[in-house]
Each structure stands twice: as C-alpha cells, then as structure tokens.
Protein chains: 2
Amino acid sequence: MSNISIKDIAAKAQVSTATVSYVLNGTRNVKQVTRERVLQVIEEMNYKPNNAAQSLKRRRTNTIGVIAEDVTVFNVPEIIDGINDCADRLDMHILLTNLRLDKRIGRSFDDMDTYRQYAENAVSELLSKQVEGIIYIGVHPRDLTGLCDTDGKPIVYTYSYTENDPSIQYDDEQASYEAMRYLIDHGHSRIAIISGVMDSIPSRLRFNGFYKAVTEFQLPFDPLLIKMGDWEAESGYRLTKELLSLPEPPTAILSMNDVMAVGVLRAASEMSVSIPEQLSLIGFDNREFSEYLMPRITTMDLPLHEIGYQAMEALSRILQGEEAGISPKPMCRLIERDSVAPPKR
Amino acid sequence: MSNISIKDIAAKAQVSTATVSYVLNGTRNVKQVTRERVLQVIEEMNYKPNNAAQSLKRRRTNTIGVIAEDVTVFNVPEIIDGINDCADRLDMHILLTNLRLDKRIGRSFDDMDTYRQYAENAVSELLSKQVEGIIYIGVHPRDLTGLCDTDGKPIVYTYSYTENDPSIQYDDEQASYEAMRYLIDHGHSRIAIISGVMDSIPSRLRFNGFYKAVTEFQLPFDPLLIKMGDWEAESGYRLTKELLSLPEPPTAILSMNDVMAVGVLRAASEMSVSIPEQLSLIGFDNREFSEYLMPRITTMDLPLHEIGYQAMEALSRILQGEEAGISPKPMCRLIERDSVAPPKR
DNA sequence: CCCTTTTATTTAAACGTTTAGATTTCTTAT
DNA sequence: ATAAGAAATCTAAACGTTTAAATAAAAGGG
C-alpha cells in the first residue's frame, strides 16, 4: 500500500528531491551514475509520481473532458475510441462524463431545464478537475452554447446535430450524393428518399446531396418520392408502403439510416416486392445488423473513429494556441452489398 | 480564464482561507452572515475548487479507474453506463482507459506480451492518477491477475471470461436453463445447442444450464445435437446445415448468441425450413438487430447495466473496508418474440 | 596549481487546498 | 460588569511535486 513519495526515493538514493525530479522529467543534466542509482531505487520501491501534486505544481493536467449525451447510443463508442486513440498519441488523458440523457429524459429534447442542469453539473465537475478543454459528443438537436460558462476552456463539438463552432463532422452531403451516384450508375432514375427528422442537420445535408445528384444528372424531380421519416423502423415501413402503392413506384430507395431500411425491407417483403430485383435499397450508418439482414444491405459507413480523432486533434491545436483549422471533412464510404441491382425494365 | 483560488475568495470576502474552506465543506460552524457573504463572492467570481489541490491534501481522489479491453465491443458501453450510474450516486468519478485490444491485437488472445504491455501501462497510469480502485471489463479469456502490481488497490472484474475474484457476473447457467424451459414448455424435446468457443466461461455455464434442463426434464440426450460454434454467424450457418441434415433433425435450436442465430436463420432459409413453424430458435444477448430480423428472434437479454452497477457497488464496499459481499447474480430476461412455436408433429 | 567555465546537485519556495490548534468574539449566568 | 463557556475565526503547517537560484563539484586552460 503505497504512499511512497519522491522524498522517500531521494532519501534512499542519497540525493535531493530535486535530483529525483530531474531524472524523472529529464529537465536537467544528471550524472549517469546518479541517474542509474535513482532509477534503481524507483524501480525497487515501485514508485509512481502523484499526479495530483504534479498537476497542482505544473498547472497542467494533460487531461481533457469528454461529455457524451449518452454512451449507449450506437455510434458514440466508436467516436470515443477515436478520441482515445489520438489522446494516447498526444499523451493526453480523458475524463469521460456520460450525461445519460436517453435514460434520464428520453426523447423530450425540449426539456431544456433538465438538460441544462445535467450539463452544468458536468461542466462544473470537469472544470473543477482542471480539464484543459472539452469535447462534446451530441446525438440530439441541442448543445452547450450559452448554457454554461466554461471559464475560457475551449470546447470542440463532434457528431453534434446543431451548428457549433468548432465542430467536427463527416461529409453528409457528399455521402448521400455518392449513394445517389451509385444508384444512378446502376441505371436508376426514379429514386425515392426517406429522410430522418428534418430538424436535424444531417437530414438536411443528406437531402442536399440527394438534390444535388437529382439536378446534376437531370433526374425527373417528383415530390411524391420525397418522404419524411423519423429515423425509426416503423416510419420506413409505413413510407415504403406508400411509395410502393404509387401509380409509378420508385425503382430504388435511399434511406437515411439503416434502421428505417429495416422497415423498407419489411414493407417490401409484405408486398412481395423482392429486393434487389424489383427494388434497390441503400441505407446509412453501416450498423452491424445491416450485414445480417436478408438481403445484406448496401449502406454508407460513417468515419466515426476518424471524427473522434480529428476532434481531439483540433482541440489539441486550440490548446497550443493555434487556430482550430479546417481540415477537410472525413468522407463516408459506401459498403457494397446485396440490396442494389439494375432496375427491372 | 480562471486562476481564482480560495485565497482570492478569502480576500474579497474579508475572511481567512480556512473559513472559506469551512463553508465549502461544512466541516465547522460558520456564522450565517459570513457564510452568505462567502457564498456570494464564490458565486460572483465563479470559483471552482482546484481538484488537484484537494486530492493532494485530502489524500482521497474519489476516483476509480475503469479498464475496458475494448469499448467498441457491443456490450461494453451498457456496462460502463451502469458503473457510471452507480458512481454518480456514490459521488465517485471514473477514469476510463480503453485498451483498444480488438484494434491493436485483434483476436490473437495468446499474444500475452503485447497484452501485458498495454495492461501494465494502463494500470501504471491509473495508479499515478491515484485511483482508489479499478474495475476491469474483460471481453476475452484473459485478465490482470499476476500481471501487474496494483499497489494494494482493489480490482473488481466484470464481464470477464475468466474466473477472478471478486467478479460480477450475471447468471449464465440459469439463463440457458430458462431458455430450455421455455422451449420445453412449448412442447419441444429434441433441442439442439450451438455453443460459443468452449474455453470461455459463459459457454461452459450456458452448457451447464442446458444440461441441467435436459436431465431434469428427462429429455433424450443426443450428442449429435451438441454443436461447438465460435460465436460467429458463419459457424451458426454451417452447424445448422449439419443439424438439419440429420436423419432426425432437432425441432428447436438454442444458440449461445444472436450473431450465430443469424447464421441459423440463413441456413434454415436456404434449406426452406421455416422458422418458427418447422424450427424454433432462441438466441442470447438481445442484440439490437435481433428485433430487425425476420422473424424477430426470441432471445435472452443480459443485465449489462446491472452488472456494471453491481461492480461499482462491490468496489465501493471494498473501499469502505467491508467484504466484497456476494449479492445474488443478476438474472437474464427472456425476450419473447417470433422465433419460437410448438413443434410441428 | 590556481582561475575560469561547465556541469551536477541542493535549497527552499511555491502550487491550492485542508485542518489541528490557537485566538478572538460572542453569549449567558452570576 | 465580569468570568466562564461556547461559537466563530484565524494562523500556519502540511500534502507531493517542480523549479528558479544558489552552491558544490568537476573539467579545462594557462
């Protein structure tokens, strides 16, 4: 049970505490022989520097806070993993705060009072722990700006649904543009889109990409093919039924997430429309299950690790006093599987 | 940009630093009027105690370390959420260390040297941060015992594949026993089991539960119905093909995880065996996708939040000097869906 | 061999708290 | 009014490091 301090090491190695500190940090020359003696003693006594004392004196903690709205949301762990990966390289540490918002206030995004309370607590806690900056992983349309005083400590947002600055996002618009191109390359022109809730930025960006492809490739723009979902499977199911009942149904559907794509699958199956023969389908997110469905669905993989990594990099840059810097948005990647084929004619 | 210390507060409120500390911690009587004055100043200056200084002086950090072999493994975030939930209540903080083992050494569980290196680093880091104890979330057959010196700090294992002490696990044996009962209640007697890799404790425990039910309900024990999988979908697929090709195929399959159950589904579909009419199926894990498959599969939900919570509770008890205590293992819960029906006769 | 320069080591203050023990101030009983 | 006791406040040391500044030891140069 250790309370071995630098003093104990100094005493046993017959040097001053300063010398021990110098060998530990390499901040000054130490004669080879004494260095070895000190290291030897450190090893013997299994000494570990007291981080609290170090931070106090150095006035640097090498620690950043990560606030996650909810760690159990599917994409959050990957992002944390990315932050972690980068933090390791920068010799930084992470203090994780899980707001547990999904558990605590569920889907009532407008319960701003409760949100504020939890958010303030979290920030206050982190500041007290002397974090040098904060990364905020949002999963819903809300954020910290104006909510609480971070005492000058920088915040970087990632995976946030709202527009913050600085904020690290992947390129949603390009992603849905690419998905469209893939469908078009396969010969589709009557393509429907099922969106997520429209108050979220990703929905809007993905819609932009869709629209860009429609105009660029001069597809007929039919408002009947634009459906507003809510990210849940049920909406994919319902809207697909509507789409397939159209006098002139689409030959392909772009679903803004894999969960709604499950609903598409179900509706198609019930209506005996086979995928991909009679209807092509592309999803978003590359959720694990997208590979387990029948057919395995083609989907857009999100660079989650990457945005976590970049968020940490950006924060680090800000901490060095540099500008956050605008690195190009990481790209999504199409995972080709079995849910797309040329349209039947 | 804050470097407001207790001294600044003391000066502005015209009291000594001791008094400020007393109002902050309530450790001594302070006259109502001075207390208010001090609190006022604290509020005004937005003062946050410096945690490093506090820990240094108090010699308590109220912080525990959590070491996760890999946070991106599906069940880990739920467990962390449970730890978090309990820690909040106990006013404890969590320092998360992600070994990133799946990324770094993949499936080579026997690469003990690399493992040791990462593990030692992690522990060393945490000890330096003065954590009071450690929770280790394992996902593979290996652990920390004998690997590195934790300097007397207690470790609690959870979700670990090996036998450690103290270790918080849910009741795997009971779970598979219950699953069997459910099948038996539905009229099945010729029940096959597809196991995970047999060097993992959960596999063995689940097998025990299976076997207990077989003997207790006097089912014919047929070795041909016992198949060794490896947790992956491919093995579920292959073994199901074998099972369904038997002269006397089973009427139900118990798969030790949902991923292998996907393979079962696929094999059955290819062989035109319909589920649940001709073959019943129960999985394990209640993975999100189990609800998205067709048919939605009946599966065992794991009390992941609960074991995280209990791990934190147990660690806290140890830190109070009490015994770890053996609370009853949390139970798994059967999620009834559409993959089980009475056998066709 | 002494003086100078370089290199190695030590001394002591500081970081921002907490907390015994000392001191002051306030109450209350006489 | 005063002494005694209680309540409030203050003083100062300590926690385990780091780091300027001071000092000591070693190395070079003539």
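The basis for the numbers below is simple: all heavy atoms, side chains too, and nothing from hydrogens, waters or symmetry mates. Below, read A as the first sequence line, B as the second, and so on, with proteins coming before strands; counting in each chain starts at 1.
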* Asked: Looking at residues at least two apart in the chain, or sitting in another chain, which of them share a side chain to side chain contact (heavy atoms under 4.5 Å, CB included) with A:Arg116?
  -> A:Glu120, A:Leu147

* Hey, does the side chain of A:Gln54 come within less than 4.0 Å of D:dT18's phosphate (OP1/OP2), counting only N and O? -> yes

* Structure fact -> Between NZ of B:Lys48 and P of C:dG16 the distance, given in whole Å, is 16 Å

* Heavy-atom closest pair, residues A:Leu127 and A:Thr150 -> CD2-O, 3.6 Å

* Who pairs with A:Glu36 by salt bridge (Lys or Arg N to Asp or Glu O under 4.0 Å), at least two apart in sequence or on another chain? -> none

* Asked: Got a sec, which pairs hit salt bridge (Lys or Arg N to Asp or Glu O under 4.0 Å) with one end in residues 60-82 of chain B, sequence neighbours left out?
  -> A:Arg100-B:Asp81, A:Lys103-B:Glu78, A:Lys103-B:Asp81, B:Arg60-B:Glu132, B:Glu69-B:Arg142

* To do: Send over the distance from A:Gln130 CD to C:dG16 P, rounded to a whole Å.
  => 9 Å

* Structure fact -> From the list B:Ile135, B:Asp85, B:Ile137, side-chain contact (heavy atoms from CB on, under 4.5 Å) with B:Ile80 holds only for B:Ile137

* Asked: Along nucleotides 7-15 of chain C, 5' to 3', which nucleotides get a B, which get an S, and which get a -, given that the test is a protein heavy-atom distance under 4.0 Å?
  -> -SBBB--BB

* Asked: Excluding sequence neighbours, so at least two apart, what forms side chain to side chain contact (heavy atoms under 4.5 Å, CB included) with A:Thr27?
  -> A:Tyr22, A:Asn25

* Structure fact -> B:Leu24 atom CG is separated from C:dT19 atom C1', nearest whole Å, by 14 Å

* Asked: Rounded to the nearest Å, what distance is computed from the CD1 atom of residue A:Ile42 to the P atom of nucleotide D:dT17?
  -> 10 Å

* Counterpart residues, side chain to side chain contact (heavy atoms under 4.5 Å, CB included), relative to B:Pro303 (two or more places apart) -> B:Tyr170, B:Glu306, B:Pro330, B:Cys332

* Asked: Does B:Ser21 make a side-chain N or O approach to OP1 or OP2 of C:dT17 shorter than 4.0 Å?
  -> no

* What integer distance in Å separates A:Asn62:CG from D:dT17:P? -> 16 Å

* **Presence of A:Asn51 side-chain N/O under 4.0 Å of D:dT17 phosphate oxygens OP1/OP2** => no

* Structure fact -> Overall bend of the helix from C:dC1-D:dG30 to C:dT30-D:dA1 (five pairs an end, 10° steps) is 40°

* To do: Just grab all the salt bridge (Lys or Arg N to Asp or Glu O under 4.0 Å) pairs involving residues 5-30 of chain B, residues at least two apart or on different chains.
  => B:Lys12-B:Glu44

* Asked: With B:Gln14, which residues qualify under side chain to side chain contact (heavy atoms under 4.5 Å, CB included), at least two apart?
  -> B:Arg37

